[in-house]
Protein chains: 2
Amino acid sequence: MTKKPARARRSDGEQTHAAILDTAVRLASIEGLGGLSIGRLAQEVGVSKSGLYAHFGSKQDLEMSIWAAAREIFEREVIEPALAAPDGLARFEQLCERYLSYIERRVFPGGCFFAGMLAEFDARTGRGHDEIADDQREWNALLDATAAAAQAAGELDPTADLRQLVFDVAAAIQLANYYFVLFGNAGVIDQARSSIRAAISRSGGHPPHHAP
Amino acid sequence: MTKKPARARRSDGEQTHAAILDTAVRLASIEGLGGLSIGRLAQEVGVSKSGLYAHFGSKQDLEMSIWAAAREIFEREVIEPALAAPDGLARFEQLCERYLSYIERRVFPGGCFFAGMLAEFDARTGRGHDEIADDQREWNALLDATAAAAQAAGELDPTADLRQLVFDVAAAIQLANYYFVLFGNAGVIDQARSSIRAAISRSGGHPPHHAP
DNA sequence: CCTACCGATCGGTAGG
DNA sequence: CCTACCGATCGGTAGG
């Protein structure tokens, strides 16, 4: 089926590559990209520094790969499961719930990778800033579009202020992430769930029906 | 009046001390405490590295002084003006408005200093984590107590869920800070104002009366 | 993938 | 407050 040469299993090189990225993404979620050094990462993974450079040509290259790897994890853990729900209110609720679950399950040990990048790069100029600005725009656009679909389907009031809804939901989600990591208290996740339910309800949405 | 020896004006040393802290606090709000190096700070201020060590014995000492300086600025710009309003709903509204104004006026060039520290230290252990946890607890406790006073005074519904109110308000404020810095768009501050007004209104609070 | 090395910068100190 | 220096670590490279 594939044009690649036959290869029974992943080579050691591929395993090492994946192991480096896995460790790097976890470390970066805790200490930020600026707090990540090649030497420490190499030590953590158990290879030499030049071993890292065999896989990533430069720190910038590594940082871009980390970002891409984190995006893949976010897609897999949050976006894709939510997109399995039908467009509209059900998907909107799933986007919120999947995000909160991804925080609660500590998919990244330092909390949402992108929330970390947001705070690290919001006030700087350059690649990091532009990257996180794109990511945040995309996330908000997805929430916007999904809320709009819910409204168009009659699942939300035609007069509901969707900008406000999306802002309130994004704010609850964001604060829940930081406070969950800071205090290690799952209560704040439920607080956000309650906030989101209330915000949706204010916009005229009803809790999902359960078959008897 | 004072027991200190008479001194007509601030000595050069005091001026340098203040200049270092001012620059350090601004830099730290943009790049974080981890992104701040003694060498760069010295260069930015226009003194030698050992010039810095004449004022601050170590980087940890400097970091604690930066944190204290930032706290003073926050007290002056947000807390004190809000405490000028009578306890209760008026003060609650002023705490929100003063915070948003402090963001909007770019008191720190990198946005709220403590929002930066929150994201930098939430997932770590040690001094930074404990410090920001205390700060966040204190801020939320102030919002809690002020909302409770408003409720006790009959300015909010006796049945209003104050935890939810404070969470919603803190979330709106936080997101507004990050997005204002990231996108440089004042609209998000007004979005937060609108969120806060709505949250207060849901809790039974009424907009302040204006004398005719 | 390794060892061995590069110049630059880190936090910090000695001596004045 | 300065110059001059310390060992450690930074990102990165040479050569194998």
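Here is the naming used below: chain letters follow the sequence lines, and residue numbers restart at 1 for every chain.
The side chain of A:His55 lies closest to C:dC1 when the candidates are D:dG12, C:dC1, C:dC10. Closest to the A:Ala54 side chain, of the nucleotides C:dC10, D:dG11, C:dC1, is C:dC1. If you check C:dC2, D:dC10, D:dC2 against the side chain of B:Val47, the one that comes closest is D:dC2.
As the counterpart of C:dC10, D:dG7 is assigned, both hydrogen-bonding distances of the Watson-Crick or G-U wobble pattern falling under 3.5 Å. With a cut-off of 3.5 Å on both pairing distances, the Watson-Crick or G-U wobble partner of C:dG16 is D:dC1.
Between A:Thr16 and C:dC1 there is a side-chain polar atom (N or O) within less than 4.0 angstrom of OP1 or OP2. Contact annotation: A:Ser48 side-chain N/O to C:dC2 OP1/OP2 distance is under 4.0 Å.
In this entry the distance linking CD of A:Gln43 with C1' of D:dT9 reads 11 Å, nearest Å. Taking atom CD on B:Gln60 and atom P on C:dG12, their separation rounds to 8 Å, with Å as the unit. When the P atom of C:dC10 is taken as reference, atom CZ of B:Arg40 falls 9 Å away, rounded to whole Å. Rounded to a whole Å, the CG atom of B:Leu41 is 15 Å from the C1' atom of C:dT9. Between the C1' atom of C:dC10 and the OH atom of B:Tyr53 lies a distance of 9 Å, rounded to the nearest Å. With rounding to whole Å, A:Ile38 atom CD1 is found 16 Å from D:dT9 atom P. To the nearest angstrom, P of D:dT13 lies 12 Å from CG of A:Asp61. In this entry the distance linking CG of B:Leu52 with P of D:dC1 reads 10 Å, nearest Å.
Using cut-offs of 30° and 60° on the angle between ring planes, the pair B:Phe114 and B:Trp67 is tilted.
For A:Lys59 against D:dG12, a side-chain-to-base donor-acceptor contact under 3.5 Å is absent. The base of C:dT3 is paired with the side chain of A:Ser50 by a donor and an acceptor separated by under 3.5 Å.
Residue A:Leu36 is classed as a sugar-phosphate contact, given heavy-atom separations below 4.0 Å to backbone atoms only.
A:Glu120 places a side-chain N or O within 3.5 Å of a backbone atom of A:Gly34 that can act as its donor or acceptor partner. Without hydrogens or angle criteria, A:His129 side chain to A:Ala123 main chain gives no donor-acceptor distance under 3.5 Å.
Here A:Tyr178 and B:Tyr178 bring their ring centres to under 6.0 angstrom of each other.
Looking at A:Glu97 and A:Arg193, a side-chain N of the basic residue comes within less than 4.0 Å of a carboxylate O on the acidic one, giving a salt bridge.
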